[in-house]
Amino acid sequence: PEPYKGKKEVKIGEPGTTITVGEAFSAVFPKKFFKLVKEQTNLYASQSQRRDGRTGWKTMTMADVRRFLAMLFHMALVHKPSMRHYFSTNPVLDSSFTRILGLSRDRFFDMLKYVHLNNNALAKKKGDKEYDPLFKVRPLYDMLVENFQSLYVPSENLTVDEGIVPYRGLISFKVYLKNKPSRYGI
């Protein structure tokens, strides 16, 4: 193999400067990510409502996508017994962050119902030569790989260890590692 010629580098901001969490987040999730979520969610919502003979979907905007993702991050950090409790007016369960976002409970659950990253009409069936088990998240996956590769150059000495996310559902690429605490996963 050819000798390593690069040097370890993180390519966000100017060399030697400190960046904010927001700048780092925006480098990994640029505007095109929010645009993708907006377009695909609106497409899926209109397809679903047409199929079901329903109406009432309010078109998702870029600001809606940001509020929706902010709420998901909030839910990951602040644990409550159920998702509905984040929108409770009960003083014991009250979440001031929800009020600051200006996102109603019904709007959040509508967005959660329809959030999409890819057009289902383009999906190939299982068994087809072009079938992709990651089809529903493929645009996000490809975007993250591209962004990570452009933002970080590892050093010459790199250690890779297998990791596993616990999962026991039905999926074709689930793995079994007998020596791990969580033996089944992806």
Side-chain angles (χ1 to χ4, degrees), residues 10-13 19-80 82-89 93-126 128 130-152 165 167 169-173 186:
V10 176
K11 300 177 181 178
I12 303 174
I19 60 165
T20 67
V21 172
E23 290 169 331
F25 183 84
S26 294
V28 176
F29 296 99
K31 284 184 182 178
K32 70 180 182 177
F33 166 72
F34 294 95
K35 185 178 179 192
L36 169 77
V37 173
K38 177 188 80 150
E39 290 171 353
Q40 291 303 319
T41 300
N42 286 330
L43 175 64
Y44 180 67
S46 66
Q47 290 170 341
S48 295
Q49 293 215 331
R50 203 174 21 247
R51 180 190 67 227
D52 300 340
R54 296 176 56 189
T55 58
W57 171 252
K58 182 182 169 209
T59 303
M60 187 182 247
T61 65
M62 295 284 272
D64 288 333
V65 175
R66 290 183 186 281
R67 281 193 288 270
F68 177 74
L69 290 175
M71 192 64 201
L72 291 178
F73 282 119
H74 174 66
M75 289 176 167
L77 296 171
V78 178
H79 298 278
K80 295 196 178 191
S82 86
M83 290 178 85
R84 296 209 176 270
H85 287 133
Y86 291 93
F87 301 93
S88 175
T89 55
L93 297 170
D94 183 44
S95 181
S96 62
F97 185 74
T98 306
R99 284 193 311 277
I100 293 167
L101 281 179
L103 184 62
S104 75
R105 179 196 65 211
D106 292 343
R107 179 64 174 154
F108 174 80
F109 283 108
D110 271 352
M111 288 190 276
L112 185 62
K113 179 178 180 179
Y114 294 117
V115 71
H116 255 65
L117 298 171
N118 215 341
N119 184 352
N120 289 345
L122 303 177
K124 303 293 183 194
K125 299 286 183 209
K126 195 170 187 175
D128 187 310
E130 296 178 15
Y131 172 73
D132 180 6
L134 293 177
F135 175 79
K136 288 194 177 256
V137 295
R138 176 63 61 189
L140 174 61
Y141 176 82
D142 290 344
M143 188 182 302
L144 288 174
V145 168
E146 177 186 328
N147 290 345
F148 290 148
Q149 287 176 343
S150 70
L151 295 171
Y152 179 68
V165 176
Y167 184 77
L170 298 175
I171 197 162
S172 63
F173 50 88
I186 51 177

Exercise for review: Taking the side chain as every heavy atom from C-beta outward, state whether Asn120 and Lys136 have any pair of such atoms under 4.5 Å apart.
Suggested key: yes

**Study point:** Donor-acceptor under 3.5 Å (Asn42 side chain, Thr59 main chain)
**Key:** no

**Study point:** CA sep, side-chain torsions, deciding dist, call: Lys80, Ser95, side-chain contact (heavy atoms from CB on, under 4.5 Å)
**Key:** CA-CA 10 Å; Lys80 295 196 178 191; Ser95 181; 3.4 Å; yes

Point to revise | Nearest-0.5 Å distance that lies between atom CG in Leu103 and atom CZ in Phe68 | key: 8.5 Å

**Study point:** For His74, all residues meeting ring-ring contact (aromatic ring centres under 6.0 Å, His included), sequence neighbours excluded
**Key:** Tyr86, Phe97

Practice item. Sorted by first residue and then second, give each salt bridge (Lys or Arg N to Asp or Glu O under 4.0 Å) pair with at least one member in residues 55-68; sequence neighbours left out. Key: Asp64-Arg67, Asp64-Arg107

Name each donor-acceptor pair under 3.5 Å that joins a side chain in residues 25-33 to protein atoms two or more places apart or in another chain, with its distance.
residue: Ser26; atom: OG; partner: Gly22; partner atom: O; Å: 3.0

Review point. With a 4.5 Å heavy-atom cut-off, do Trp57 and Arg54 have their side chains touching?
Key: no

Review point. Is a donor on one side and an acceptor on the other found under 3.5 Å between the side chain of Ser150 and the backbone of Asn147?
Key: yes

Exercise for review: Check side chain to side chain donor-acceptor pair (under 3.5 Å) between Gln49 and all other residues, then give those that pass, not counting sequence neighbours.
Suggested key: Tyr114

Point to revise | Distance-minimising heavy-atom pair for Val37 and Leu117 | key: CG2-CD2, 3.6 Å

Review point. Do any pairs count as a salt bridge (Lys or Arg N to Asp or Glu O under 4.0 Å) and have a residue in residues 40-52, sequence neighbours left out, and if so which ones?
Key: none

Study note, to complete from the structure: Heavy-atom nearest pair, Phe87 first then Met71, reads CZ-CE, 4.0 Å

Exercise for review: Starting at CZ of Arg84, measure out to CZ of Phe108 and round the result to the nearest 0.5 Å.
Suggested key: 10.5 Å

Exercise for review: Report the residues that fulfil side chain to side chain contact (heavy atoms under 4.5 Å, CB included) with Asn119, sequence neighbours left out, ordered by chain and then residue number.
Suggested key: Gln40, Leu43, Gln47, Ala121, Leu122

Check your understanding: Roughly how far apart are Asp110 CG and Thr41 OG1, rounded to 0.5 Å?
Key -> 12.0 Å

